[in-house]
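A quick write-up on the structure given underneath.
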Amino acid sequence: MQQVYINQLSRHAGEEVTVRGWLYNTRSSGKLMFPQLRDGTGVVQCVVFKKAVAPEVWDALNHLGQESAVTVRGTVRADERAPGGFEIDVADAEVLQRAENYPITPKEHGTEFLMDHRHLWLRSRRQHAILLVRHTIVDAVRDFLNRDGFVLCDTPILTPAACEGTTTLFEVDYFGEEKAYLSQSGQLYNEATAAAFGRVYCFGPTFRAERSKTRRHLTEFWMVEPEMAYATLDDVMNLSERFLSSIAARVLEERPEELKVLERDTSKLEAITPPFPRLHYDEAVRILHEGHERGEMEQRFEWGGDFGSPDETYISGRFDKPVMVHHYPAAVKAFYMQRDPERDELALGVDVLAPEGYGEVIGGGERATSLEFLEEQLRLHELPREAFEWYLDLRRYGSVPHAGFGMGIERCVAWMCGLEHIRETIPFPRMLYRLRP
RNA sequence: UCCGCAGUAGCUCAAUGGCAGAGCAUUCGGCUGUUAACCGAAGGGUUGUAGGUUCGAGUCCUACCUGCGGAGCCA
């Protein structure tokens with residue numbers, strides 16, 4: 001007897017197989033039953049005739065609660081009436097555990113209820129589809145970087161100090177001797193490994209203790225950060241463009257069924273191909289001013305500020321591809337950004353704004369190379385010099401132009417899936433008011 | 001942290017200041033091709049918490065709690 005996964009059933013038409021799974025839903029009609037089984041790879045409809053099985057099998061399946069653990073043995077048969085095109089004529093079945101009163105019924109539920117039952121919600125079709133797309137995106141990210149010559153060189157999660165000194169950090173007691181902080185970026189360590197390996201990336205959890213409460217924020221999220229030695233802002237933009245395009249292509253290729261479940265407009269993903277529009281900050285501001293004059297933007301944007309969420313949405317809304325905004329004012333960017341040699345008030349940084357209001361998915365740029373400049377920046381930002389001594393070493397010993405970016409995986413998943421909220425893009429989201437389950 | 005909205009059965013929601021309701025889920029019964037199956041019946045309530053106004057509060061007022069949406073900050 002071969003044990004088969006549901007997504008492989010089409011290869012076993014006419015054969016007798018065993019499927020092991022959980023009861024998804026049942027329809028019963030007296031002497032005929034249609035239990036639907038899911039096994040993690042898909043859902044299949046089973047057909048049970050009362051006369052075709054032993055009485056105890058019929059009784060066991062009858063009135064069985066949703067999500068009970070069941071194995072069935074039967075013959076695979078193509079049938080137009082079956083969702084998915086194939087069904088199983090059941091000859092025998094075994095109930096491993098009878099589940100009663102499964103809380104998530106095949107009806108509508110509110111967000112709070114579903115989030116409280118996240119450990120069970122993951123079993124539902126839509127969540128299942130999202131997390132499979134996430135899996136493919138993570139896979140595509142690793143494949144792309146590995147094939148492009150980047151070396152995975154992960155950076156620490158427990159760190160002694162703020163990397164950028166701006167956002168709030170989660171504090172951890174380190175053996176009662178000192179405070180440690182959960183990493184909010186692998187950026188600075190990446191610069192060290194890039195000087196060791198040339199092209200590197202880190203990919204792991206990132207923590208931000210910001211009291212943000214929007215559909216784009218998690219307190220714990222996954223970020224991939226490539227960093228290249230001997231590279232410039234243009235190299236970062238070229239990489240971002242190829243990177244996002246390859247991810248979109250992989251999702252389209254490998255997850256058409258899941259995109260259908262999510263009712264994603266795939267033409268939006270097909271549009272993600274190089275080249276992406278590149279917008280100097282000055283031009284972006286001009287677009288915002290035009291928007292204001294047309295009455296499409298409430299307030300007139302002041303040159304020099306960072307873009308707020310409505311600004312990003314307005315700018316990206318004018319393109320059907322991701323937009324790369326570069327040369328931001330240095331004042332709104334991190335201290336380690338390289339300055340524009342022609343206009344010192346600008347930083348060689350770039351934000352990639354995703355279309356459809358998904359906001360900033362990538363942020364990056366060229367890093368400062370000068371020891372003196374960084375020493376001055378540390379002073380201006382009132383950062384503890386001792387903590388950054390090792391970082392300054394990177395400018396003492398073979399300092400070269402180098403650049404990189406960070407991409408938030410969950411924002412990418414939300415974008416690719418066309419989701420309203422980032423909370424569904426990670427199995428167990430951590431948010432301002434959500435630490436459990 | 002600020003602004004706005006909400007909280008009624010296990011779930012999703014209704015109820016003009018005047019008897020606490022429906023659908024789904026659950027339990028029982030019926031049905032040999034169902035597609036969120038259908039038909040019939042039953043059980044199920046301290047209306048988020050604490051005060052207040054009123055003859056009378058799910059409904060109006062105040063505070064708090066919880067959640068949702070947005071802003072700021074950011075990926």
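Computed from a predicted model, the values in this text were never measured in an experiment. Labels below follow one simple rule: chain letters A, B, ... track the order of the sequence lines, proteins then strands, and each chain is numbered from 1.
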(request) Write down the distance between CZ (A:Arg216) and P (B:G69), rounded to a whole number of angstrom. (result) 12 Å
(message) Students often get this wrong, so: under 4.0 angstrom with heavy atoms, is A:Thr105 touching a base, only sugar-phosphate, or nothing?
(response) sugar-phosphate
(message) Please give the distance between the P atoms of B:G21 and B:U16 as a whole number of Å.
(response) 13 Å
(message) I'd like to know if the side chain of A:Tyr281 and the backbone of A:Ala347 have a donor-acceptor N/O pair within less than 3.5 Å.
(response) no
(message) Looking at A:Asp92 and A:Gly74, would you say the former's side chain and the latter's main chain have a donor-acceptor pair under 3.5 Å?
(response) no
(request) Please determine if A:Glu227 and A:Arg367 form a salt bridge, counting it only when a charged side-chain N lies under 4.0 Å from a carboxylate O. (result) yes
(request) Output yes when a side-chain donor or acceptor of A:Thr136 lies under 3.5 Å from a complementary backbone atom of A:Val251, and no otherwise. (result) no
(request) Please work out if A:Gly308 contacts a base, only the sugar-phosphate, or nothing of the nucleic acid, heavy-atom cut-off 4.0 Å. (result) sugar-phosphate
(request) Please determine, for the side chain of A:Arg423, which listed nucleotide (B:G33, B:G69, B:A75) has the closest atom? (result) B:G69
(request) Could you tell me the separation between the CD atom of A:Glu100 and the C1' atom of B:U27, rounded to a whole number of Å? (result) 11 Å
(message) Can you measure A:Tyr328 atom OH to B:C73 atom P for me and round it to whole angstrom units?
(response) 12 Å
(message) Looking at B:G33 and A:Phe34: do their rings stack (centroid distance under 5.5 Å, interplanar angle under 30°)?
(response) no
(request) Just call it for A:Ile409: base, sugar-phosphate, or nothing, with non-hydrogen atoms closer than 4.0 Å on any strand. (result) nothing
(request) Look at all strands and tell whether A:Gly359 reaches a base, only sugar-phosphate, or nothing, counting heavy atoms closer than 4.0 Å. (result) nothing
(message) Under 6.0 Å between ring centres: does that hold for A:Phe221 and A:Phe207?
(response) no
(request) Say whether, by atom type as modelled, one donor and one acceptor occur between the side chain of A:Arg411 and the main chain of A:Glu360 under 3.5 angstrom. (result) yes
(message) Taking B:U34 as the reference, what is the distance to B:A71 when you measure between their C1' atoms (whole Å, please)?
(response) 49 Å
Show the distances under 3.5 angstrom between N or O atoms of the protein and N or O atoms of nucleotides 40-44 of chain B.
none

(message) Classify A:Met223 by what it touches in the nucleic acid, base, sugar-phosphate, or nothing, heavy-atom distance under 4.0 Å.
(response) sugar-phosphate
(message) Measuring from the side chain of A:Arg411 (C-beta onward, heavy atoms only), which nucleotide among B:G67, B:A71, B:A75 has the closest atom?
(response) B:A75
(message) What's A:His117 touching, base or sugar-phosphate or nothing? Going by heavy atoms closer than 4.0 Å.
(response) nothing
(message) Base, sugar-phosphate or nothing for A:Glu87? Non-hydrogen atoms, less than 4.0 Å.
(response) base
(request) Only stems of 3 or more consecutive Watson-Crick or G-U pairs count here, both distances under 3.5 Å; name the ones for RNA chain B, or none. (result) B:1-7 with B:65-71, B:10-13 with B:21-24, B:26-30 with B:38-42, B:48-52 with B:60-64
(message) Mind checking if A:Pro83 touches a base, just sugar-phosphate, or nothing, with heavy atoms under 4.0 Å?
(response) base
(request) Name the nucleic acid region contacted by A:Arg77, choosing base, sugar-phosphate or nothing; use a 4.0 angstrom heavy-atom cut-off, strictly under. (result) base
(message) So if I take every side-chain heavy atom of A:Phe113 and compare against B:A36, B:C74, B:C11, which nucleotide ends up nearest?
(response) B:C11
(request) Provide the distance between the two C1' atoms, one in B:C19 and one in B:A57, to the nearest whole Å. (result) 15 Å
(request) Assess whether atom CZ of A:Arg294 is packed by more than 12 heavy atoms of other residues, nucleotides or ligands within 6.0 Å. (result) yes
(request) Using modelled atom types only, decide if a donor and an acceptor are shared between the side chain of A:His280 and the backbone of A:His327 within a distance under 3.5 Å. (result) no
(request) Name the nucleic acid region contacted by A:Gln45, choosing base, sugar-phosphate or nothing; use a 4.0 angstrom heavy-atom cut-off, strictly under. (result) base
(request) Scan A:Thr206 against the nucleic acid and name what it touches under 4.0 Å (heavy atoms): base, sugar-phosphate only, or nothing. (result) nothing
(request) With the side chain counted from C-beta on, respond yes when A:Tyr391 and A:Tyr336 share a heavy-atom pair under 4.5 Å apart, and no when they do not. (result) yes
(message) Without decimals, in angstroms, what is the distance between A:Arg208 CZ and B:C73 C1'?
(response) 10 Å
(request) Identify whether the distance between the nearest side-chain nitrogen and carboxylate oxygen of A:Asp39 and A:Arg20 falls below 4.0 Å. (result) no
(request) Counting heavy atoms from C-beta on, name the nucleotide in B:A75, B:A71, B:C11 closest to the side chain of A:His109. (result) B:C11
(request) Quote, to the nearest angstrom, the P distance that separates B:G58 from B:G48. (result) 10 Å
(request) Tell me which of A:Thr111 and A:Asp89 sits closer to the 5' end of RNA chain B, going by the nucleotide each one is nearest to. (result) A:Asp89
(request) Figure out the CG/P separation between A:Leu23 and B:A25, and round it to whole Å. (result) 13 Å
(request) Write down the distance between CD (A:Gln66) and P (B:A36), rounded to a whole number of angstrom. (result) 14 Å
(request) Taking atom C1' in both B:A15 and B:G33, compute the distance separating them and give it to the nearest angstrom. (result) 41 Å
(message) Between A:Phe388 and A:Phe335 (judged by ring centroids, cut-off 6.0 Å), do the two rings come close enough to count as a pair?
(response) yes
(request) Could you check how far NE2 of A:His217 sits from P of B:C74, rounded to whole Å? (result) 9 Å
(message) For the C1' atoms, the ones on B:U12 and on B:U54, what distance do you get once it is rounded to whole angstrom?
(response) 33 Å
(request) Assess A:Lys333 against A:Tyr328: is NZ or CZ under 6.0 Å from the centre of the six-membered ring, and within 45 degrees of the ring's axis? (result) yes
(request) Would you mind telling me which of B:C73, B:G33, B:G67 lies closest to the side-chain atoms of A:Glu112? (result) B:G67
(request) Can you tell me, in whole Å, how much space there is between the C1' of B:C68 and that of B:U32? (result) 47 Å
(request) Would you please confirm or rule out a distance under 4.0 Å between OP1 or OP2 of B:A71 and any side-chain N or O of A:Ser309? (result) yes
(message) Counting only side-chain heavy atoms from C-beta out, which of B:G72, B:G33, B:A36 sits nearest to A:Val47?
(response) B:G33
(message) Check this for me: does the side-chain of A:Ser212 come within 3.5 Å of the base of B:C74 through a donor and an acceptor?
(response) no
(request) Answer with yes or no after comparing the ring centroid distance for A:Phe243 and A:Phe405 against a 6.0 Å cut-off, counting only values under it. (result) yes
(request) Map A:Gly363 and A:His421 onto RNA chain B by nearest heavy atom, then report which one ends up closer to the 5' terminus. (result) A:His421
(request) Select one nucleotide: of B:C73, B:C68, B:U32, the one nearest the side-chain heavy atoms of A:Phe49. (result) B:U32
(message) By nearest atom, which of the nucleotides B:A71, B:U34, B:A75 is closest to the A:Lys213 side chain?
(response) B:A71
(request) With P as the reference atom in both, quote the distance from B:A63 to B:G4 in angstrom, rounded to an integer. (result) 12 Å
(message) Donor-acceptor check, side chain of A:Lys321 to backbone of A:Pro275, threshold 3.5 angstrom: yes or no?
(response) yes
(request) Pick base, sugar-phosphate or nothing for A:Asn25, based on heavy-atom distances below 4.0 Å to the nucleic acid. (result) sugar-phosphate
(request) Mind calculating the distance between CG (A:Asn62) and P (B:U32) to the nearest angstrom? (result) 13 Å
